[in-house]
Amino acid sequence: MIVNQERGKVYLVGAGPGDVAYLTVKAYNLLAAAQVLVYDALVDAQLLQCVPDDCLKLDVGKRGGKPSTSQAEINKLLVTHCQQGKQVVRLKSGDPLIFGRCTSEIEALKASDCDFELIPGISSALAAPLLAGIPLTDPVLSRAFAVLTAHEPEVLNWEALSQLETLVILMGGQHLAEIVDQLMRHGRSHLTPIAIIRWAGTPNQQIWTAQLGNIWEQTTGLSLSPAVIVIGEVVGLRKYLQPEKIDYQDSTTAKTFSPSAMSSNFSRSPLTGKIILVTRSVSQSSQFSDRLIALGATVIEMPTLEIGPPSSWEALDRAIAHLSDFDWLILTSTNGIDYFFERLNAQGKDTRALAGIKIAVVGEKTAQSLKQRSLQADFIPPNFVADSLVENFPEQLDGKTVLFPRVESGGREVLVKELTIKGAKVIEVAAYQSCCPSSIPRAAELALQNRKVDVITFASSKTVQFFCQLTNNIFSHNSDPSQLLEGICIASIGPQTSKTCHTLFGRVDVEAEEYTLDGLTQALILWATNS
């Protein structure tokens, strides 16, 4: 997407019902290029991760009973940033023109000669009934439906509304008693089916079904906001339109569906309903997250590792200048490969400089990275861990000279020690450096604060260490990480990472049998199936 640097523009974007999977492609692309994000309270936190790291994020959400940004201030923000030449995304839950209060913002933009564009989103009025298995139309039971807001129920024409076959009501959770009373006073039967869908399209989705005559007594004392209310005979079709049969209670009793119930009733995906916090490198690809999302999980990414060049290239450059002195080159990570070959190229050399040197790698991903450079590893240990490399080395190491480009600090001291004991002369050189990021993404921070995380994954010991460092900085009131993670499944990619988890957290709940991201994925599927 080409960003116009000369003239700013405001995009009024519909975020859909919540999950990033329900964004339109255009909305996703606009978020990825946004310079300023102005978002509402009901926008799902995971959507905030779609914007660039340097995007200015402004929370202007309005929630009842809490301090909020006035509409006049929001209008001014949009105009100001647009006039500064910024690409501004005004992100609204659902569709921006369905109870989205866009009129005032558009008028302000037009008055200031600001360029703007409306981007549609999936309204919760349509998405929530569908996700609950409720059709809004039916050839017999519902030939029309009306969408209304119950924010001010006293101004609605209840006599006319009560005559319609199907009603979809937004912002009605706090006025449920009045809604029911008005409909029945104007002729609607107390046996009319009703469904309340709370947090539609998110892992926290809940559904209550009952009849007008008893829904209020069944939900007294429960928080129903934010909710979509569906009233009409089509609610009764829900039991016939779900993927799997459910045993229902008597129709006079409301039934609450928890996220775990939703996962078993509405999807066969094994991780549906699970919120997984993925710790990873800042620059790492999101393929692991994509796998988990495809399996039904909601993923929040929390970069806990930044990779960069070492403090000095001197030692690595010197080793590359004398490659012919080495018998083996050991590479234990894709980062080591990337930076080693970067310096090889910087010295005007290519893979031909490695002729006569054997290469050992640790891990399938590392081997694949080497293959992308048209090189085949001479040795890959069977268990994808560094310890296995020494145990299964294919030849005697006595008298061999080994080049080991590694992380500058906190590397594989045990590997070097074991190779040396076997008689090898190991030359360690710093190829890259890993350090802790300066902050936690807001979505991850909120999820941890509100205890909305089911699983945290760790793919290296460093991610465990830096996770602790980051959370100690943010949650200084809770210095014990084991308390912060109480009730959360800790998932590790392998023994070394698990060892660090045991040291810092006191436990590990899931460990991959095959020490790869695919192996970790399979371990999570097994955990979810048995939990």
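Just so you know, these numbers use all the heavy atoms, side chains as well, and skip hydrogens, waters and symmetry mates.
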Intermediate values then yes/no, side-chain contact (heavy atoms from CB on, under 4.5 Å), Leu485 and Arg507: CA-CA 10 Å; Leu485 302 183; Arg507 64 183 171 92; 4.0 Å; yes

- Query: Can Lys371 and Gln376 be said to form a side-chain contact (heavy atoms from CB on, under 4.5 Å), step by step?
  - Reply: CA-CA 6 Å; Lys371 279 185 179 181; Gln376 186 77 32; 3.6 Å; yes

Open item on the list: Could you go through Gln433 and Ser311, starting from their C-alpha distance and side-chain angles, then the distance that decides it, and tell me whether this counts as side chain to side chain donor-acceptor pair (under 3.5 Å)?
Closed with: CA-CA 8 Å; Gln433 179 60 288; Ser311 57; over 6 Å; no

| task | Show your working on side-chain contact (heavy atoms from CB on, under 4.5 Å) between Met302 and Ile440 and close with a plain yes or no. | result | CA-CA 7 Å; Met302 178 178 166; Ile440 295 177; 3.7 Å; yes

Does the pair Ile207 and Arg238 meet the rule for a side-chain contact (heavy atoms from CB on, under 4.5 Å), with working shown? CA-CA 11 Å; Ile207 303 170; Arg238 181 171 181 262; 3.3 Å; yes

| query | For Arg373 and Asp338, what are the C-alpha separation, side-chain angles and deciding distance, and is it a salt bridge (Lys or Arg N to Asp or Glu O under 4.0 Å)? | reply | CA-CA 10 Å; Arg373 301 176 188 275; Asp338 291 342; 2.9 Å; yes

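The local environment of CD in Gln347 is crowded, with over 12 non-hydrogen atoms from other residues, nucleotides or ligands closer than 6.0 Å. Other residues, nucleotides and ligands contribute at most 12 non-hydrogen atoms within 6.0 Å of the CD atom of Glu513. Within 6.0 Å of atom NZ in Lys499, 12 or fewer heavy atoms from other residues, nucleotides or ligands are found, so the atom counts as exposed in its surroundings.
Between Ala353 and Leu344 the shortest heavy-atom distance is CB-CD1, 4.3 Å. What you find for Asp95 and Pro120 is that their closest heavy atoms are OD2-CA, 3.5 Å. Considering all non-hydrogen atoms of both residues, Ala447 and Val453 come closest at CB-CG2, 3.7 Å. Leu448 approaches Ile456 most closely through the heavy-atom pair CD2-CD1, 4.2 Å. Of all non-hydrogen atoms in Leu31 and Leu47, the two that sit nearest each other are CD1-O, 4.4 Å. Here the closest non-hydrogen pair linking Val426 and Phe404 is CG1-CB, 4.1 Å.
Between Val36 and Leu58, some side-chain heavy-atom pair lies under the 4.5 Å cut-off. When side chains are defined from C-beta on, Ile122 counts as touching Pro17, because their heavy atoms get closer than 4.5 Å. Counting heavy atoms from C-beta on, the side chains of Leu517 and Ile493 come closer than 4.5 Å. The side-chain heavy atoms of Cys50 and Val20, taken from C-beta on, include a pair separated by under 4.5 Å. Two residues are said to be in side-chain contact when any heavy atoms from C-beta on lie closer than 4.5 Å; Thr279 and Phe466 fail this criterion. By the 4.5 Å heavy-atom criterion applied to side chains, Phe467 and Leu504 are not counted as neighbours. No side-chain heavy atom of Thr366 sits under 4.5 Å from any side-chain heavy atom of Leu370. With contacts defined as side-chain heavy-atom distances shorter than 4.5 Å, the pair Leu131/Tyr22 qualifies.
Interatomic distance, Gln522 CD to Arg291 CZ, rounded to the nearest 0.5 Å: 10.0 Å. For the atom pair OG1 (Thr304) and CD (Gln469), the distance works out to 10.5 Å, reported to the nearest 0.5 Å. Note that SG of Cys501 and CD1 of Ile490 are 6.0 Å apart. Values are rounded to the nearest 0.5 Å. Atom CG of Leu403 and atom CD1 of Ile359 lie 10.5 Å apart (nearest 0.5 Å). Rounding to the nearest 0.5 Å gives a distance of 6.0 Å between CG of Leu375 and CG of Leu354. Distance CG/Asp350 to CZ/Phe341: 10.0 Å, rounded to 0.5 Å.
A donor-acceptor contact closer than 3.5 angstrom links the side chains of Ser461 and Thr500. Side-chain polar atoms of Ser492 and Ser498 form a donor-acceptor pair below 3.5 angstrom.
Relative orientation of the Tyr339 and Tyr432 rings is parallel, given thresholds of 30° and 60° on the angle between their planes.
With hydrogens and angles disregarded, no donor-acceptor distance shorter than 3.5 Å links the side chain of Ser124 to the backbone of Ala127. Between the side chain of Thr24 and the backbone N or O of Ala27, at least one donor-acceptor pair lies under 3.5 Å. Formation of a donor-acceptor pair under 3.5 Å by the Gln49 side chain with backbone atoms of Glu301 is found in this model. Distance alone, capped at 3.5 Å, is enough to place a donor-acceptor pair between the Arg198 side chain and the Ser223 backbone. Panel note: side chain Arg451, backbone Leu484; a donor-acceptor pair is recorded below 3.5 Å. Panel note: side chain Thr529, backbone Ile525; a donor-acceptor pair is recorded below 3.5 Å. Looking at Lys274, its side chain never comes within 3.5 Å of a backbone N or O of Leu524 through a donor-acceptor pair.
Salt-bridge formation is not detected for the pair Glu418/Lys422: no Lys NZ or Arg NE/NH1/NH2 atom is positioned less than 4.0 Å from an Asp or Glu carboxylate oxygen.
You'll find the ring centres of Trp328 and Phe379 outside the 6.0 Å limit.
Leu397 pairs in a side chain to side chain contact (heavy atoms under 4.5 Å, CB included) with only one of the listed residues (Asp327, Leu419, Ile421), which is Leu419.
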